[in-house]
Amino acid sequence: MEKKGIFDEFLGAKTLFKNKEVLRPNYIPEELPHRRTQINHLASILVAALRGETPSNIFIYGKTGTGKTAVTKYVGDELNKKARELSEEYENKIIKTTLDYINDDNGGRANYLENAFNHLDFEKFFGDELKNNIKIPVHYIYINCQHVDTQYRVLTHIANSFIETWDERLPLTGWPTDEVYNRLRQNIDDAGGVITIILDEIDKLVEKSGDDILYNLTRINSDLHNAKANVIGISNDLKFKEFLDARVKSSLGEEELIFPPYDAEQLQDILYDRSQNALQEKAIESSVIPLCSALAAQEHGDARRALDLLRVAAELADRDNTNRITEKHVRKALSKIEQDTVAEVIRTLPPQSKLVLLSIVINHENDVVKLTTGMVFDVYKELCEKLHMDTLTQRRVTDLISELDMLGIINSRVVSFGRGGRTKLIERSVPVENIKEVLEESDLLKPVIDYKPMISQIVQSTLL
DNA sequence: TGTCCACTGGAAGGGAGGGCTT
DNA sequence: AAGCCCTCCCTTCCAGTGGACA
């Protein structure tokens, strides 16, 4: 009998998906429902690039999942497409002119021209014209500042996007920043044309590295001779602009685009649209899409969340071996997504942060009602001793606690207990069992996962 | 009204680790 | 190998703070 591989059974299994990628957040569909206004506005600004003029700098604002990135990328693709089309049109015109020229036997140069034409050596004759006109170079460089979050990295990223071979690329560290800037300027100038630089999640960049980079980028045109550049900043935090230098603020905000959240009905349209390409016919119960939309609309109209819900619900239905996605699957998907995100965040924490989180968990397990930084630090110190690890200072631990707060694993707020001092009050925002389940996976923490802190501390803390 | 507690959180800077040029 | 640069993680220092209490 033929032996079956472990994947064969699943590979042959029936699936509700036609194309799962269509439901992924980074998929750019051919149509973006309810974003016509924004697309037109953006296109009306960027069309300048096709005329070889510098488009205005643009600031785009909208909550997560309102289509900012999708629209920007979509318009970018269209811009590139149009630039290619125009360039082809122009090339054809040149060929036609050449042919006419040859046919007219203009001034006895026909043979020479024909010869050149046969060898496709246009540049010999139309060199300058070709260089300047045939290709309307439009470069659209997209950078997500969540990962590329320092001045140096943004500059190298842009500079490297003009370089094709690996060995010519700028290194990830090592060069002085002004040297990288010079190289970037040179690369842009060599490439020529109009360069649009998109900085997605620009607030992350400014928060971490200040606005020097924006100042430099919005003023790069004065250093360019053969090219023009403009910047599109995308953010979901409108307030971040308040912290910018006034000069940066005014030049980045030459044009502003606001992306309002989708309402439940608009989300439904988006889901219907995508599901037609993503899922088999009749794979969805009629109430599924309205439910996904309603759930996502509750959370500031986040289309990404709506798509995730539908995708995960379909995956769960697939695993159930049913041929229909039901409301039950959507509800399951909702809790699965929430759990998965938290688990993933905890899993990727650095060891010291995990240790701080564990000491918070341990305090909660010991029924501490009002948990403060001091108590967390005390248990943390004990854990470090047990594990023979370096103990960080309380100052550093305060920062780690704030980071855990930002990640949404805990809630902390500063309160004053009068003479008892002023400190952070720490509460969990995720069930302790869920956190512990993930922490238990870590080999490092295994020896102390059920650690009991010294009694004195618990007595002291419950007195507060 | 002033004092005092237990911190908070900003600023500055050290140093290890990555990489470059000379 | 030496000298330089950038990033990341961390320490040290310290002014500032909300509110209970005397």
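From a predicted model like this one, the values you see are computed outputs, not experimental measurements. Labels below follow one simple rule: chain letters A, B, ... track the order of the sequence lines, proteins then strands, and each chain is numbered from 1.
- Listed pair Ser416(A) / dT17(C) fails the phosphate criterion, with no side-chain N or O lying under 4.0 Å from OP1 or OP2.
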Output one line per pair: protein atom, nucleotide atom from nucleotides 2-6 of chain C, and distance, for all N/O pairs under 3.5 Å.
{"from": "dC6(C)", "atom 1": "OP1", "to": "Thr177(A)", "atom 2": "N", "distance (Å)": "2.9"}
{"from": "dC6(C)", "atom 1": "OP1", "to": "Thr177(A)", "atom 2": "OG1", "distance (Å)": "2.7"}

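- Looking at heavy-atom distances under 4.0 Å, Thr423(A) makes contact with sugar-phosphate atoms alone, never a base.
- Applying the 4.0 Å criterion to OP1 and OP2 of dC10(C), one finds that Arg396(A) has a side-chain N or O inside that range.
- Residue pairs meeting the ring-ring contact (aromatic ring centres under 6.0 Å, His included) criterion with at least one member in residues 53-75 of chain A, sequence neighbours excluded, are Phe59(A)-Phe240(A).
- Between dC7(B) and Thr373(A), no contact under 4.0 Å exists linking OP1 or OP2 to a side-chain N or O.
- Residue Thr156(A) is out of contact with every strand shown, counting any heavy-atom pair closer than 4.0 Å.
- A straight line from CG of Leu205(A) to C1' of dT7(C) spans 14 Å, rounded to a whole angstrom.
- Classification of Asp308(A) and Arg305(A) as a salt-bridged pair fails, no side-chain N sitting under 4.0 Å from a carboxylate O.
- Residue side chain Arg395(A) reaches the base of dG10(B) through a donor-acceptor N/O pair under 3.5 Å, judged by distance alone.
- Under the 6.0 Å distance and 45° angle rule, Arg419(A) does not count as a cation-pi partner of Phe417(A).
- Regarding Lys370(A), its NZ atom lies at a distance of 14 Å from the P atom of dG19(C), rounded to whole Å.
- Of the side-chain N and O atoms in Thr372(A), one or more sit less than 4.0 angstrom from OP1 or OP2 of dC7(B).
- Using a 4.0 Å heavy-atom distance criterion, Glu179(A) is classed as making no nucleic acid contact.
- Summarising the geometry of Gln38(A) relative to Leu257(A), their closest heavy-atom pair is O-CD2, 3.7 Å, with the distance given to 0.1 Å.
- Using a cut-off of 4.0 Å between Lys/Arg side-chain N and Asp/Glu carboxylate O, Glu315(A) and Arg311(A) are scored as salt-bridged.
- Between Leu371(A) atom CG and dA6(B) atom C1' there is a gap of 14 Å when expressed in whole angstrom units.
- To the nearest angstrom, P of dC8(C) lies 21 Å from CG of Asp390(A).
- Salt-bridge formation is not detected for the pair Asp77(A)/Lys73(A): no Lys NZ or Arg NE/NH1/NH2 atom is positioned less than 4.0 Å from an Asp or Glu carboxylate oxygen.
- One can place CD of Glu403(A) at 9 Å from P of dC10(C), the figure rounded to the nearest angstrom.
- Between the P atom of dT8(B) and the CG atom of Asp399(A) lies a distance of 10 Å, rounded to the nearest Å.
- Within the cation-pi definition used here (under 6.0 Å to the ring centroid, within 45° of the axis), Lys386(A) does not qualify as a partner of Tyr451(A).
- Lys68(A) and Ser235(A) share no side-chain donor-acceptor pair at under 3.5 Å.
- Distance, Arg422(A) CZ to dC14(C) P: 20 Å, rounded to whole Å.
- OP1 or OP2 of dG9(B) sits under 4.0 Å from a side-chain N or O of Lys424(A).
- Atom CZ of Phe417(A) and atom C1' of dT17(C) are 15 Å apart (whole Å).
- Figure legend: Arg274(A) and Tyr27(A) shown without cation-pi pairing, the cationic atom not lying both under 6.0 angstrom from the six-membered ring centre and within 45 degrees of its axis.
- A donor atom on one side chain and an acceptor atom on the other are not found under 3.5 Å apart for Thr64(A) and Asn236(A).
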Enumerate the protein-to-nucleotides 2-4 of chain B contacts in which both atoms are nitrogen or oxygen and the separation is below 3.5 Å.
{"from": "dT3(B)", "atom 1": "O2", "to": "Arg419(A)", "atom 2": "NH2", "distance (Å)": "2.9"}

